[in-house]
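Just so you know, these numbers come straight off a predicted model, no measurement behind them. By convention in this document, chain letters (A, B, ...) are assigned in the order of the sequence lines, proteins followed by strands, and residues within each chain are numbered from 1.
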2 protein chains.
Amino acid sequence: MSGVGADVFAAVSDPARRAILDLLRDNERVVSDLLRSFSFSQPALSKHLRILREAGLVEQRKDGRLRWYRLNAARLREVASWVGRYERFWTERLDQLGTLLDEME
Amino acid sequence: MSGVGADVFAAVSDPARRAILDLLRDNERVVSDLLRSFSFSQPALSKHLRILREAGLVEQRKDGRLRWYRLNAARLREVASWVGRYERFWTERLDQLGTLLDEME
DNA sequence: CCAATATATAACCAATTGGTTATATGTCAA
DNA sequence: TTGACATATAACCAATTGGTTATATATTGG
């Protein structure tokens with residue numbers, strides 16, 4: 001099952017997978033490089049990468065025996081847009097704080 | 001002490017729980033009212049509510065035999081701020097640039 | 001060709017998840 | 001006081017999760 005699909009929210013619910021995405025935020029990386037950041041085994045990392053791939057959050061590029069992974073941030077928009085509908089709850093509260101501070105002067 | 005702690009990402013990874021939060025976005029609601037929106041049983045809903053409570057995402061108010069649930073959106077800032085660090089990928093349209101460069105190969 | 005390297009997959013396991021039904025607890029109304 | 005209602009918890013179950021070790025598959029260098 002490649003391409004679009006599997007649940008993005010489930011994919012990012014695991015802290016190791018969020019850490020992987022964070023590592024890929026600025027650079028492509030090969031698996032063995034990513035692995036150095038974790039204490040679990042190489043197969044465990046491969047399983048996380050597969051889940052991220054199936055959620056469309058990362059993409060793979062083959063180069064010899066290396067696999068370069070890179071972020072596909074587009075799929076995170078689903079998360080951003082869901083949580084974005086709640087943003088007013090803290091921005092409003094900050095506005096209220098601002099108003100309160102104004103009134104106190 | 002409000003049991004702050006339990007993983008917010010895990011709590012919102014379930015679509016039913018996101019739907020509950022969405023229902024609470026504008027109004028407080030009692031359990032039996034929430035229940036009308038779902039096809040699973042009342043105990044299943046109570047379990048979801050407990051998980052949301054333990055993640056600090058909702059709060060409970062007792063009123064006779066009713067339990068009013070209300071959103072505590074503050075805990076969603078953890079999600080918002082994590083995903084916010086990826087926002088530049090679509091606001092700056094770097095993803096389109098990447099796609100364009102790929103197509104030019 | 002062969003051994004080493006990089007990564008993925010298979011097979012397995014314990015813990016967790018999300019549902020169920022049955023029951024407990026607390027409150028209200030008659 | 002009793003019975004219905006609102007909600008939570010208990011006990012149970014199958015499916016999924018996240019890890020493990022062992023193995024498979026490609027690729028490269030000597």
DNA chain D: first to last nucleotide in contact with chain A (atom under 4.0 angstrom from a heavy atom), 5' to 3', is D:dG18 to D:dT28

Numerically ordered, the residues 26-46 of chain A set in heavy-atom contact under 4.0 Å with DNA chain D is A:Phe40, A:Ser41, A:Pro43, A:Ala44

By salt bridge (Lys or Arg N to Asp or Glu O under 4.0 Å), B:Arg18 pairs with (sequence neighbours left out) none

Rounded to whole Å, CZ of A:Arg61 lies from C1' of C:dT7 at a distance of 15 Å

Between NZ of A:Lys47 and C1' of C:dA8 the distance, given in whole Å, is 12 Å

Each nucleotide of nucleotides 24-30 of chain C classed B (base within 4.0 Å of a protein heavy atom), S (only sugar-phosphate) or -, in 5' to 3' order, makes --SBS--

Separation between CG (B:Leu52) and CG (B:Leu24), nearest 0.5 Å, reads 8.0 Å

Less than 4.0 angstrom from a charged side-chain N to a carboxylate O is my criterion; do A:Asp63 and A:Arg70 meet it?
no

A:Arg67 CZ to C:dA6 C1', in whole Å, measures 8 Å

Looking only at heavy atoms, the pair that brings B:Ala55 and B:Asp7 closest together is CB-O, 4.3 Å

Report yes if the distance between the aromatic ring centroids of B:Trp90 and B:Tyr86 is under 6.0 Å, otherwise no.
no

Residue set satisfying ring-ring contact (aromatic ring centres under 6.0 Å, His included) with B:Phe40, at least two apart, ordered chain then number -> B:Phe38, B:His48

query = Between A:Arg61 and A:Glu28, is there a side-chain N and carboxylate O pair less than 4.0 Å apart?
reply = yes

Ignoring backbone atoms, establish whether A:Tyr69 has a side-chain N or O less than 4.0 Å from OP1 or OP2 of C:dA6.
no

Handout entry: Sidechain-backbone polar pair: B:Arg67 side chain, B:Lys62 backbone, donor-acceptor under 3.5 Å
Key = no

Pairwise side-chain contact, A:Leu76 with B:Trp82, heavy-atom cut-off 4.5 Å (strictly under)
yes

For residues 32-50 of chain A, the salt bridge (Lys or Arg N to Asp or Glu O under 4.0 Å) pairs (sequence neighbours left out) are A:Arg29-A:Asp33, A:Asp33-A:Arg36, A:Arg50-A:Glu54

